[in-house]
Amino acid sequence: MSSSYLPATTDSIAQALEAKTPSESISILYQILENPSSSSEALRIKEQAITNLSDLLRQENRAEDLRNLLTQLRPFFNLIPKAKTAKIVRGIIDAVAKIPGTCDLQISLCKEMVQWTRAEKRTFLRQRVEARLAALLMENKEYSEALSLLSGLVKEVRRLDDKLLLVDIDLLESKLHFSLRNLPKAKAALTAARTAANAIYVPPAQQGTIDLQSGILHAEEKDYKTAYSYFFEAFEAFNALEDPRAVFSLKYMLLCKIMVNQADDVAGVISSKAGLQYVGPDLDAMKAVADAHSKRSLKLFETALRDFRAQLEEDPIVHRHLSSLYDTLLEQNLCRLIEPFSRVEIAHIAELIELPVDHVERKLSQMILDKKFAGTLDQGAGCLIIFDDPKTDAIYPATLETISNIGKVVDSLYVRSAKIMA
């Protein structure tokens, strides 16, 4: 970075844009920012230079330089309105976020900015940077720190009645509680976000995020039809904005179809006009799962899980539901295979279902304990012994009903006698 400076004029900006290499452009823009002039025109040119510089540094993946730029600009922030300062700070933080592998740098950058905003008493900007910091901490799986930060922030924002920020914070809190497997609190936070959103205009991307979170929570409660409708709303919003989250909404829509035994509809959704735009590994993974489910084939199911590990196993939402689906499919297949037998070798069942013996034995013991069928495992002989379904004796329920009715008669007689005595 040169010690000399250039005049803060449109010609200097044009010179930076016409430079042959990005590094030359960056050097010119730094020289414009070093200009000591504080006239309104110079400040406007510097704002433009900051925007261009942050874009160039992002393209060059120079995250540390972006961090240093924020520190360097602090004297400049005292010369411009607070709203413009907030816009520039958030723009630079967003630029750092677009550079891959900078999560730790973003966290430390946000913590630095929070300290600076506290010292400068810039409450509006501090609250937004703290919300961003909480989101980063959640991504980094530092849940307790994120939760403590949010709990203080949400009280402060509610007191100020900043509805738009409140929607962001409540939505973030819902995601955080969901990650901690606290569904009641996740639902309560989402309801609070919806209530705040109903009072103001919410940008389509934010509305899509609310719908996506609603779908995830409904799917967690096994209400897949309602979840599908929310995922569809989210998909339409993200698709219109060309947001990359559209493919995840579509993937979760297909997951809901599979979970309600409508796997045959998956191919139709993928081949629709909207679905064809997003053809790729994510949709191929769901199609493979749908095919395995339609054919009731555990082997195809396991092949799909192995071939599309990144899309299925590493997506926590899909993985959780597919684990449940796999267990159901395995139970159905085992029940079908053992039905003709009264005594059968476990190795034979494992051979028929094409799974390891210990895996099958473990699942059969679990099914016996869950009373999916009556039987016992003879581990010495390596056999499964299946009992006939015990016929329920009707005398016990009838006796209980009779006793219950006698109790009602006695209560009625007691009430009548009490009235007579009175």
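The residues of the chain are indexed from 1 along the displayed sequence.
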- What do the steps show when you test Lys287 against Asp282 for salt bridge (Lys or Arg N to Asp or Glu O under 4.0 Å), and what is the final call? CA-CA 9 Å; Lys287 192 171 186 299; Asp282 285 294; over 6 Å; no

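- Side chain of Thr195 to main chain of Thr191: a donor-acceptor pair is present (N/O by atom type, distance under 3.5 Å, no hydrogens or angles).
- Taking CG of Leu79 as the reference point, atom OG of Ser40 lies at 12.0 Å (rounded to 0.5 Å).
- Salt bridge annotation for Arg320-Asp315: absent, with no cationic side-chain nitrogen under 4.0 angstrom from a carboxylate oxygen.
- Residues passing the side-chain hydrogen bond (donor to acceptor under 3.5 Å, both in side chains) test with Asn52, sequence neighbours excluded: none.
- Here Arg67 pairs with Glu112 in a salt bridge; the nearest charged N to carboxylate O distance falls below 4.0 Å.
- Side chain of Lys82 to backbone of Thr123: no donor-acceptor contact under 3.5 angstrom is found.
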- Message: Would Glu302 and Tyr326 count as a side-chain hydrogen bond (donor to acceptor under 3.5 Å, both in side chains) here? Give the steps.
- Response: CA-CA 9 Å; Glu302 290 194 329; Tyr326 178 80; 2.7 Å; yes

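- A donor-acceptor pair is defined here as one N or O able to donate and one able to accept, closer than 3.5 Å; no such pair exists between the side chain of Asp223 and the backbone of Ala219.
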- Query: Do Gln277 and Asn239 pass the side chain to side chain contact (heavy atoms under 4.5 Å, CB included) test, and can you show the C-alpha distance, the side-chain angles, and the key distance before you say yes or no?
  - Reply: CA-CA 9 Å; Gln277 298 175 43; Asn239 185 40; 3.5 Å; yes

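- Listed for the Asp243 side chain is no donor-acceptor partner under 3.5 Å among the backbone atoms of Ala246.
- If you take CD1 on Ile353 and CG on Asn333, they are separated by 4.5 Å, rounding to the nearest 0.5 Å.
- A donor-acceptor pair is defined here as one N or O able to donate and one able to accept, closer than 3.5 Å; such a pair exists between the side chain of Ser151 and the backbone of Leu147.
- Ionic pairing of Glu130 and Arg126 is present here: one or more N-O contacts between side-chain nitrogen and carboxylate oxygen are shorter than 4.0 angstrom.
- Residues Ile93 and Leu66 fail the side-chain proximity criterion, which asks for heavy atoms closer than 4.5 Å.
- Side chain to side chain, Gln379 and Glu361 meet the donor-acceptor criterion of an N or O pair below 3.5 Å.
- Side-chain atoms of Thr328 come within 3.5 Å of backbone N or O of Ser324 as a donor-acceptor pair.
- Within 6.0 Å of the OH atom in Tyr201, the count of heavy atoms belonging to other residues, nucleotides or ligands exceeds 12.
- Side-chain atoms of Ser12 come within 3.5 Å of backbone N or O of Pro7 as a donor-acceptor pair.
- Applying the ring pair (Phe, Tyr, Trp, His ring centres under 6.0 Å) rule to pairs touching residues 251-272 yields Phe231-Tyr252, sequence neighbours excluded.
- Taking the ring axis of Phe178 as reference, the NZ or CZ atom of Arg181 stays within 45° of it and closer than 6.0 Å to the ring centre.
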- Message: Determine whether Tyr224 and His218 satisfy the following criterion, ring pair (Phe, Tyr, Trp, His ring centres under 6.0 Å), listing intermediate values before the conclusion.
- Response: CA-CA 7 Å; Tyr224 294 110; His218 276 91; over 10 Å; no

- Should Glu120 and Asn78 be marked as a side chain to side chain contact (heavy atoms under 4.5 Å, CB included) after you check the CA-CA gap, both sets of side-chain angles, and the distance that decides it? CA-CA 9 Å; Glu120 294 286 317; Asn78 294 324; 3.5 Å; yes

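- Counting only heavy atoms from C-beta outward, the side chains of Met138 and Glu142 never approach each other to under 4.5 Å.
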- Message: Test salt bridge (Lys or Arg N to Asp or Glu O under 4.0 Å) on Asp307 and Arg309; report intermediate values, then the result.
- Response: CA-CA 6 Å; Asp307 292 349; Arg309 185 177 180 81; over 6 Å; no

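- Under the salt bridge (charged side-chain N to carboxylate O under 4.0 Å, His left out) criterion, the residue pairs touching residues 85-98 are Asp94-Arg132, with sequence neighbours excluded.
- For the pair Leu250/Ile270, no side-chain contact is recorded, criterion being any heavy-atom separation below 4.5 Å from C-beta on.
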- Item | Test log, rule salt bridge (Lys or Arg N to Asp or Glu O under 4.0 Å), inputs Asp65 and Arg58 | CA-CA 9 Å; Asp65 287 347; Arg58 176 182 58 77; over 6 Å; no

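- A distance of 11.5 Å separates SG in Cys383 from NE2 in His348, rounded to the nearest 0.5 Å.
- Taking 4.5 Å as the limit, every side-chain heavy atom of Ser342 sits out of range of all side-chain heavy atoms of Ile385.
- Counting heavy atoms from C-beta outward, Asp370 and Gln366 have side chains that approach closer than 4.5 Å.
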- For Ile338 and Leu384, what are the C-alpha separation, side-chain angles and deciding distance, and is it a side chain to side chain contact (heavy atoms under 4.5 Å, CB included)? CA-CA 9 Å; Ile338 65 175; Leu384 170 69; 3.8 Å; yes

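- Between Leu43 atom CG and Ile50 atom CD1 the span is 9.5 Å, to the nearest 0.5 Å.
- Side-chain contact between Phe235 and Tyr278: present, with at least one pair of heavy atoms (C-beta onward) separated by less than 4.5 Å.
- Separating the CD atom in Gln213 from the CG atom in Leu190 is a distance of 6.0 Å, to the nearest 0.5 Å.
- In this structure, Lys251 contributes its side chain and Gln311 its backbone to a donor-acceptor pair below 3.5 Å.
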- Tell me, with the steps shown, if Thr9 and Ile45 meet side chain to side chain contact (heavy atoms under 4.5 Å, CB included). CA-CA 6 Å; Thr9 61; Ile45 295 296; 5.6 Å; no

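- For Lys363, the NZ atom is densely surrounded, since the number of other residues' heavy atoms within 6.0 Å is greater than 12.
- The main-chain N or O of Leu105 is never found under 3.5 Å from a side-chain atom of Thr102 such that the two would form a donor-acceptor pair.
- In Arg74, the CZ atom is crowded: over 12 heavy atoms of neighbouring residues, nucleotides or ligands sit closer than 6.0 Å.
- Taking OG1 from Thr51 and CD1 from Ile88, the interatomic distance works out to 6.5 Å, rounded to the nearest 0.5 Å.
- Listed by chain and residue number, nothing satisfies the salt bridge (Lys or Arg N to Asp or Glu O under 4.0 Å) test with Arg362 (two or more places apart in sequence, or in another chain).
- Residue pairs satisfying the ring pair (Phe, Tyr, Trp, His ring centres under 6.0 Å) criterion with at least one member in residues 94-146, sequence neighbours excluded, are listed as follows: Phe77-Trp116.
- Contact annotation: the side chain of Thr209 approaches that of Phe238 to within less than 4.5 Å [non-hydrogen atoms, C-beta and beyond].
- Heavy atoms from other residues, nucleotides or ligands lying under 6.0 Å from CD of Glu339 number 12 at most.
- Taking 4.5 Å as the limit, some side-chain heavy atom of Leu364 sits within range of a side-chain heavy atom of Ile349.
- In terms of heavy atoms, Leu133 sits closest to Ile107 at CD1-O, 3.7 Å.
- At least one donor-acceptor pair closer than 3.5 Å links the side chain of Asn68 to the backbone N or O of Glu64.
- Figure legend: Lys257 and Tyr228 shown as a cation-pi pair, the cationic atom lying under 6.0 angstrom from the six-membered ring centre and within 45 degrees of its axis.
- Side-chain rings of His293 and Phe301 stay apart, their centers remaining 6.0 Å or farther from each other.
- Sequence neighbours left out, the pairs with a member in residues 183-193 that pass salt bridge (charged side-chain N to carboxylate O under 4.0 Å, His left out) are Lys187-Glu221.
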